[in-house]
Amino acid sequence: MQQRQSRPIVTMTLDQYLSSHDRLLVASDVKRCFDLLFGAFNHPSYYYRGVSNEKYRLLSSLDRMVLTTRHIILGKSKFHKGFREQLLAREFKKVARNHLSANAVPSTHFEWLSVMQHYGVPTRLVDLTKSPFVALYFAVRDWDKPEDAAIWAIAPHTLHEVSFFRLKKCNFPYPMRDTNYSYSQMPDFLADEYFSKAFLSGKYDVAMILNPSWSNARLASQQGAFLVSSAEKAIEDAIMDLINDKSHLDPIEAKMQDEHRIDMSVMKLVIPGKIKKDIFTELRRMNIHAATLFPGIEGAAQGVLEYGAAEEWETHMEVETTK
């Protein structure tokens, strides 16, 4: 097997990288937040992820499990997250088939992972959405908590371009016909043949954004997609590795990117805790709330609870201001 080319070790965090490249922005008020989502963060190539605490790292649920259990169980020993995911998937398949209708049983490993993700079983998948306002809802729905929230905006182009280059360089078993990157030449990574080789084999350090070839009511309502990584490292570190890898560029283009900091593959918007409630109210007016994002009676009930809590909060504030 061809050995991987050594690359410089990146020591800064993703937040530090974004700050140094002017890609870490703060919404000072509600208007500024929506202006940025309609402006700098509004690009058709972006996928978004909202988090309730801006200090949270960009991790998969499997990353979080491994980072926790590695210390508890094995101390400083390496704890392979791929092996852990394999065990979880095996156990989930045993019990899930008894509860899924015949037409709902997944046909590929990627589909199994997405079902596991849906029901809270840790996987390497990270939930994304094509709508910045859906991401904004997930960022601010815990509006009664004081922590600042955040939205990640991730464009697939750089991730896919570098991943494509690495796969081709390592003789990935797919007929890649051109030295230049082309989306049309990407294999169907949702298919078991390519998903298992690219993401489960442990041979390649790649990360991509994958759109499911099927959908359910929740995925459709939330315009969902998934960020997936093959690396044993946390997905945030895998992204840092990819966006700092210029080996696929000619030297002039690589130098220009470094000097002018033109890479827009990842951005982050911080939302101060003090404006989360007002944003939450604006989103309700846009018909973005639990009842529309979580179809079914559970989502409807959650929507009622959200509405009731918001109304109670407003009434409480009115009483306080009249004292």
Exercise. Do N211 and Y47 have side-chain atoms, one donor and one acceptor, less than 3.5 Å apart?
Worked result: yes
Problem set entry | Flag if over 12 foreign heavy atoms under 6.0 Å of NZ, K31 | no
Exercise. Counting distance only, does the side-chain N/O of E111 pair as donor-acceptor with the main-chain N or O of S107 below 3.5 Å?
Worked result: yes
Problem set entry | All side chain to side chain donor-acceptor pair (under 3.5 Å) counterparts of D15, not counting sequence neighbours | K268
Problem set entry | Cation-pi, W143 ring and K277 (6.0 angstrom, 45 degrees) | yes
Exercise. Going by atom types alone, do Q16 and S20 pair a side-chain donor with an acceptor below 3.5 Å?
Worked result: no
For this session: List in chain and number order the residues that pass side-chain contact (heavy atoms from CB on, under 4.5 Å) with N42, two or more places apart in sequence or in another chain; answer none if no residue qualifies.
Result: none
Exercise. Do the ring planes of H109 and F195 sit parallel (below 30°), tilted (30 to 60°) or perpendicular (above 60°)?
Worked result: tilted
For this session: Treating Ile, Leu, Val, Met, Phe, Trp and Tyr as nodes and any side-chain heavy-atom pair under 4.5 angstrom as an edge, say whether Y119 and V228 lie in one connected cluster.
Result: yes
Exercise. Who passes side-chain contact (heavy atoms from CB on, under 4.5 Å) against N98, sequence neighbours left out?
Worked result: none
Exercise. So, the side chain of H43 versus the backbone of S45: is there a donor-acceptor pair under 3.5 Å, distance only?
Worked result: yes
Exercise. Do Y194 and F110 have their ring centres less than 6.0 Å from each other?
Worked result: no
Exercise. Does the pair D192/K197 count as a salt bridge with the N-to-O cut at 4.0 Å?
Worked result: no
Exercise. Between D148 and K274, is there a side-chain N and carboxylate O pair less than 4.0 Å apart?
Worked result: no
Problem set entry | Short side-chain donor-acceptor distance under 3.5 Å, S60 and D63 | yes
Exercise. Which value, rounded to the nearest 0.5 Å, describes the distance between E161 atom CD and L242 atom CG?
Worked result: 11.0 Å
For this session: May I ask you to decide if V206's main-chain N or O and S230's side chain share a donor-acceptor pair within less than 3.5 Å?
Result: yes
Exercise. In terms of side-chain heavy atoms, does E236 have a donor or acceptor partner in Y56 at a distance below 3.5 Å?
Worked result: no
Exercise. Any chance the side chains of Q222 and T129 put a donor and an acceptor closer than 3.5 Å?
Worked result: no
Exercise. Do you know the tightest heavy-atom contact between F34 and E282?
Worked result: CZ-CB, 3.9 Å
For this session: Scan Y48, F38, F41 and name whichever one has a ring pair (Phe, Tyr, Trp, His ring centres under 6.0 Å) with F133.
Result: F38
Exercise. Looking at CD1 of I235 and CG of L14, how far apart are the two atoms once the value is rounded to the nearest 0.5 Å?
Worked result: 11.0 Å
Exercise. Is there a donor-acceptor pair closer than 3.5 Å between any side-chain N or O of H289 and the backbone N or O of L283?
Worked result: no
